[in-house]
Amino acid sequence: MTLNFTRRALLAITAAALATPALAQDKITLRMSTPASETDQRAVALAEVFAPAVAGFATYEPHYNASLIAQNAELEAINAGDLEMSIASAQELAQFFPEFSIFATGYVHQSAEHQVAVFNDALMDPFKKKVEDELGVKLLAVMYLGRRHVNLRQSKEELTVTTPADLAGVNLRMPGTDAWQFLGKALGANPTPMAFTEIYTALQTGSVDGQDNPLPTVVDAKFYEVTKQIALTSHLVDLNYVAFSKAVWDKLTPEQQAAVQKAAEDAAESGRQKQLAKEADLVSFLEGKGMAIYEPDLKAFREHVQAQYVGSEFAKSWPEGALEKINALGN
Ligand code: KDO
């Protein structure tokens, strides 16, 4: 936690330094960096919905496949003034603010609608304020990434995943932050930290046994070419946030701020509906590619994963009553 505090203190100083008074209103450039590809629905939504909506005063400049900023370094880049937007994750934010791990906990969010209800609820206000005040990042909207499942190189015949015990010894790639590694362990696997852009080769060469991402990502990143099965664990109904530079936000007029806010919400909704539609019909597409797709013992997975979080360092960081409020918004 000490490291986090030092890092947070430094970032807060940088954010304050960047918050210079409003300058003359030239057309601003909004550099956005994501590990996602150009065809990922979140990237498509920002390019096709957000960009045109702000084109009157801002030039949207997307950078895909982590080509400008490495995955998990985007928030600090925004803080430093080297980036204006990203598709951030609760797991990244949990590195600075451990309490964000509540939104990255297995089997908490129940659906895309639940994510929206939580993001728009007053319980989110202190979370959002902390990110603005200490990181210089404004969380404009919640994006639906999808239901994460366990995707393995091994055939179902070689390894059938029924309960977490079946993942013992499985080298499961998870993204590189502590919250992600914790989730990988909670599933019963041996998590390996790795950037998104390295997954395909790692699966192809066998340096990992599997990865966990939603079905649209398995298709978009062509993981189906180098894996043979998906156990539909739905262990995390995953989300991202449209992250925006607070220093840039503060230089906008109220009308421009309202336009940016609406554009982000409209893009998030567009991407959400497209991602949900994709999830609905990708099982048959992937079975057509020869993959075995099946449901494990979800009760066993849910109970095992949730038991790992109870009493964990992450759970101790959650605001009193927050989990109860989140659960109440989902039922
Ligand atoms: C991943 O690295 O598995 C992950 O799904 C984590 C998400 O938070 C997000 O960064 C995502 O990658 C990228 O947007 C690529 O889809």
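Order of appearance sets the numbers: ligands from 1, and atoms from 1 within every ligand. Since the structure is predicted, the reported quantities are computational estimates derived from the model, not experimental observations.
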Is ligand 1 under 4.0 Å from a heavy atom in the side chain of Ile87, in the backbone, in both, or in neither?
neither
So for Gln91 against ligand 1, with non-hydrogen atoms under 4.0 Å, the contacting part is neither
Sub-4.0 Å heavy-atom approach of Asn213 to ligand 1
yes
What class does the angle between the rings of Tyr241 and Phe100 fall in, given that below 30° is parallel, 30 to 60° is tilted and above 60° is perpendicular?
perpendicular
Considering non-hydrogen atoms of the protein only, which is the closest contact for atom 14 (O) of ligand 1, and what is the distance?
Arg42 NH1, 2.9 Å
For atom 12 (O) of ligand 1, what is the closest protein heavy atom, and at what distance to 0.1 Å?
Gln71 NE2, 3.5 Å
Under a single-linkage definition using a 4.5 Å side-chain heavy-atom cutoff for Ile, Leu, Val, Met, Phe, Trp and Tyr, are Val49 and Leu140 assigned to the same hydrophobic cluster?
no
How long is the gap from CG on Leu215 to CD on Gln275, to the nearest 0.5 Å?
9.5 Å
Whether the Gln41 and Tyr144 side chains hold a donor-acceptor pair (N or O, under 3.5 Å, no angle test) is what I'd like checked.
no
Report yes if the side chains of Glu134 and Phe97 come closer than 4.5 Å at any heavy-atom pair, otherwise no.
yes
Ignoring hydrogens, just give me the one of Met174, Arg173, Met194, Gln211 whose non-hydrogen atom is nearest atom 2 (O) of ligand 1.
Arg173
Tell me which one of Ile199, Leu145, Asp220 gets a heavy atom nearest to atom 7 (C) of ligand 1.
Leu145
Distance-only N or O hit between ligand 1 and Asn240, under 3.5 Å:
yes
For Arg148, is at least one N or O under 3.5 Å away from an N or O on ligand 1?
yes
Stepwise side-chain contact (heavy atoms from CB on, under 4.5 Å) check, Phe314 with Leu183
CA-CA 11 Å; Phe314 287 116; Leu183 177 56; over 6 Å; no
Passes side-chain contact (heavy atoms from CB on, under 4.5 Å), Thr105 versus Leu323? Steps please.
CA-CA 10 Å; Thr105 297; Leu323 184 60; over 6 Å; no
